[in-house]
**Q** 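Got a structure for you, written out below as structure tokens; questions coming shortly.
Counting begins at 1 with the first residue of the sequence.
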Amino acid sequence: SPIRYNKGVFPFMANSRARTIDDADGMVKVLADKETDRLLGVHMLGPNAGEMIMEAVIGLEYGASSEDLARTCHAHPTLSEAVKEAMMATYDKPIHI
């Protein structure tokens, strides 16, 4: 049977650090199980994606939910706030859109 999932997307255009450094192309997309909220996958395209993906990989490895990662501290203003916002968009709604 197909896996039912929720999707959260947050564009770097809505991230203050990305706009400040004039590199706001791309987005973070999160897929999580519709019933359990357990992370199924994370896609990142944009500035510093190669470094920020590790947060999602740790979450996937240890069975975290999108809410788990959304509730962790993300400094402001940083590019990693886009990860937090995408996680929030998955289980609820982001702050900055």
Side-chain angles (χ1 to χ4, degrees):
S1 68
I3 297 173
R4 294 171 31 109
Y5 62 90
N6 289 329
K7 176 178 77 171
V9 178
F10 190 81
F12 279 106
M13 183 58 77
N15 177 272
S16 60
R17 176 63 75 174
R19 291 172 59 109
T20 301
I21 64 172
D22 196 26
D23 194 0
D25 290 338
M27 54 83 190
V28 178
K29 179 171 72 173
V30 177
L31 303 177
D33 186 273
K34 194 165 194 77
E35 291 183 27
T36 66
D37 192 38
R38 183 177 178 153
L39 291 176
L40 299 173
V42 178
H43 307 232
M44 291 184 195
L45 300 167
N48 253 21
E51 293 178 15
M52 293 190 306
I53 195 68
M54 66 81 183
E55 176 181 0
V57 171
I58 291 170
L60 286 161
E61 182 66 25
Y62 289 98
S65 67
S66 66
E67 185 175 5
D68 289 335
L69 293 187
R71 290 184 178 270
T72 61
C73 182
H74 292 77
H76 175 76
T78 62
L79 293 168
S80 68
E81 286 180 289
V83 177
K84 176 187 182 78
E85 296 273 5
M87 296 292 172
M88 290 176 69
T90 305
Y91 78 91
D92 191 17
K93 53 185 140 182
I95 295 171
H96 294 101
I97 290 186

**Q** Is the shortest side-chain heavy-atom distance between Ser65 and Tyr91 below 4.5 Å?
**A**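 The answer is no, as the side chains (C-beta and beyond) never meet within the 4.5 Å cut-off.
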**Q** Which heavy atom of Ala86 sits nearest to which heavy atom of Phe10, and what is that distance?
**A**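 In terms of heavy atoms, the two residues are closest at N-CB, 3.7 Å.
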**Q** To the nearest 0.5 Å, what is the distance between NZ on Lys29 and CE on Met44?
**A**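 So the NZ of Lys29 and the CE of Met44 are separated by 12.5 Å.
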**Q** For atom CG of Asp25, is the number of surrounding heavy atoms from other residues, nucleotides or ligands below 6.0 Å larger than 12?
**A**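 No, CG of Asp25 has 12 or fewer neighbouring heavy atoms, counting only those of other groups under 6.0 Å.
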**Q** Quick one: are Glu55 and Leu69 in side-chain contact, heavy atoms under 4.5 Å?
**A**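 In short, these two side chains touch, coming nearer than 4.5 Å.
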**Q** For Lys84 versus Ala70, what's the shortest heavy-atom pair and its separation?
**A**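 Residues Lys84 and Ala70, closest heavy atoms: NZ-O, 2.6 Å.
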**Q** Show the nearest heavy-atom pair for residues Ile97 and Ala14, with the distance to one decimal.
**A**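 Result for this residue pair: CG1-CB, 4.1 Å.
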**Q** With clusters defined by side-chain heavy atoms of hydrophobic residues (ILVMFWY) lying less than 4.5 Å apart, directly or transitively, does Tyr5 cluster with Leu60?
**A**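 Leu60 does not cluster with Tyr5.
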**Q** Quick check: do His96 and Ser16 have side-chain heavy atoms less than 4.5 Å from each other?
**A**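 No, their side chains stay 4.5 Å or more apart.
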**Q** Taking all heavy atoms of Glu85 and all of Pro94, pick out the closest pair and write down the distance.
**A**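 Between these two residues, the closest heavy atoms are OE1-CB, 3.1 Å.
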**Q** Hey, quick one: are Val28 and Leu31 part of the same hydrophobic cluster, counting side-chain heavy atoms closer than 4.5 Å, chains of contacts allowed?
**A**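 No, Val28 and Leu31 fall in different hydrophobic clusters.
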**Q** Considering non-hydrogen atoms only, spot the tightest contact between Phe12 and Leu45 and give its length.
**A**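 Answer, listing the atom of Phe12 first, then Leu45: CE1-O, 3.3 Å.
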**Q** Once you round to the nearest 0.5 Å, how far does CG of Asn15 lie from NE2 of His76?
**A**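 Between atom CG of Asn15 and atom NE2 of His76 there are 9.0 Å.
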**Q** Could you measure the distance from the CD atom of Glu35 to the CZ atom of Arg4? Nearest 0.5 Å is fine.
**A**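 Answer for the CD-CZ pair, Glu35 versus Arg4, is 6.5 Å.
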**Q** Side chains of Asn6 and Thr90: any donor to acceptor distance under 3.5 Å?
**A**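 Looking only at side-chain atoms, Asn6 and Thr90 do not form any donor-acceptor pair under 3.5 Å.
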**Q** I need the Thr78 OG1 to Asn48 CG distance, nearest 0.5 Å.
**A**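 Rounded to the nearest 0.5 Å, the OG1-CG separation comes out at 10.0 Å.
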**Q** Would you indicate whether the side-chain heavy atoms of Leu39 and Met87 approach each other to under 4.5 Å?
**A**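 They are in contact (side-chain heavy atoms under 4.5 Å apart), so the answer is yes.
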**Q** Between atom OG of Ser80 and atom CD of Glu51, what is the distance when rounded to the nearest 0.5 Å?
**A**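 Reported to 0.5 Å precision, the distance equals 11.0 Å.
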**Q** In the single-linkage hydrophobic clustering (I, L, V, M, F, W, Y; side-chain heavy atoms under 4.5 Å), do Met88 and Ile58 co-cluster?
**A**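 Not linked; separate clusters.
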